[in-house]
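Fair warning: this is a prediction, and the values are worked out from it, not measured in the lab.
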Amino acid sequence: MVPVESMGIGGLVQPVGLGAFPVLALGDVAVTRFTLDPCGLNLPHVHPRGTEIIFMFKGSKLRTSFAGENGGPVVTLDITNDTSTFFPQGLIHGQQNMGCDTVAFISSLNSADPGLQTITSSFFSLPIEGVAGSLDISAEEAAELRDGLPLNI
């Protein structure tokens, strides 16, 4: 069994890493198993070095979305059991379980080192004055938002 790397309020993440499965480097791929509890959320994030394909094998409704480059469209797709979708390299994307049952899916990326940057935690790690100015709110309000960010799965 692949060890659990992250277990949050909304589910768990089990990556198959190079350490546990070094043959992945030969194919230059990364594979992760996700389990999302009802209403669980995989926060918006990017993979700067990889395109991602997910295949849902358990559950009733997984909402997926990605945002095109500045000014590009937002693509939202609800997938069900035994279906898949993809997220282009470098675009913000995320998933949310919209059903009342547990959802499970496999994520495959075309790089053994696709990178991962969660948008909210990265944005709010910047100097709070810049965050506040970007949102047109006070530094105190920005700090309050930062302190209330949800944990990822």
Go through Leu43 and Thr120 one step at a time and tell me if the side-chain contact (heavy atoms from CB on, under 4.5 Å) criterion holds. CA-CA 8 Å; Leu43 293 175; Thr120 50; 4.2 Å; yes
Using the rule given for side-chain contact (heavy atoms from CB on, under 4.5 Å), can you reason through Ile106 versus Ile53, listing the C-alpha separation, both sets of side-chain angles and the distance that settles it, and then say yes or no? CA-CA 8 Å; Ile106 297 291; Ile53 296 174; over 6 Å; no
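- His93 has its ring centre no less than 6.0 Å from the ring centre of Phe66.
- The neighbour count for Ile92 CD1, taken as heavy atoms of other residues, nucleotides or ligands under 6.0 Å away, does not exceed 12.
- Taking the side chain as every heavy atom from C-beta outward, Gln95 and Ile54 approach each other to under 4.5 Å.
- Taking the side chain as every heavy atom from C-beta outward, Gln96 and Lys61 never approach each other to under 4.5 Å.
- Between Gln89 and Pro48 the shortest heavy-atom distance is NE2-O, 3.0 Å.
- Judged by distance alone, with hydrogens and angles left aside, the side-chain atoms of Thr83 form no donor-acceptor pair with the main-chain N or O of Ile79 at under 3.5 Å.
- Looking at Phe34 and Met56, their side chains never come closer than 4.5 Å, going by heavy atoms from C-beta outward.
- Counting only distance, with no hydrogens or angles, the side chain of Asn97 and the backbone of Leu62 share no donor-acceptor pair below 3.5 Å.
- Remark: Asp136 CG is loosely packed, at most 12 non-hydrogen atoms of other residues, nucleotides or ligands lying under 6.0 Å away.
- Side chains of Ser65 and Arg63: no donor on one and acceptor on the other come within 3.5 Å.
- Under the side chain to side chain contact (heavy atoms under 4.5 Å, CB included) rule, Phe124 has a single partner from Leu145, Ile119, Asp147, which is Leu145.
- For the pair Asn110 (side chain) and Asp28 (backbone), a donor-acceptor distance under 3.5 Å is absent.
- Here the side chain of Asn81 pairs a donor or acceptor atom with the backbone of Lys58 at under 3.5 angstrom.
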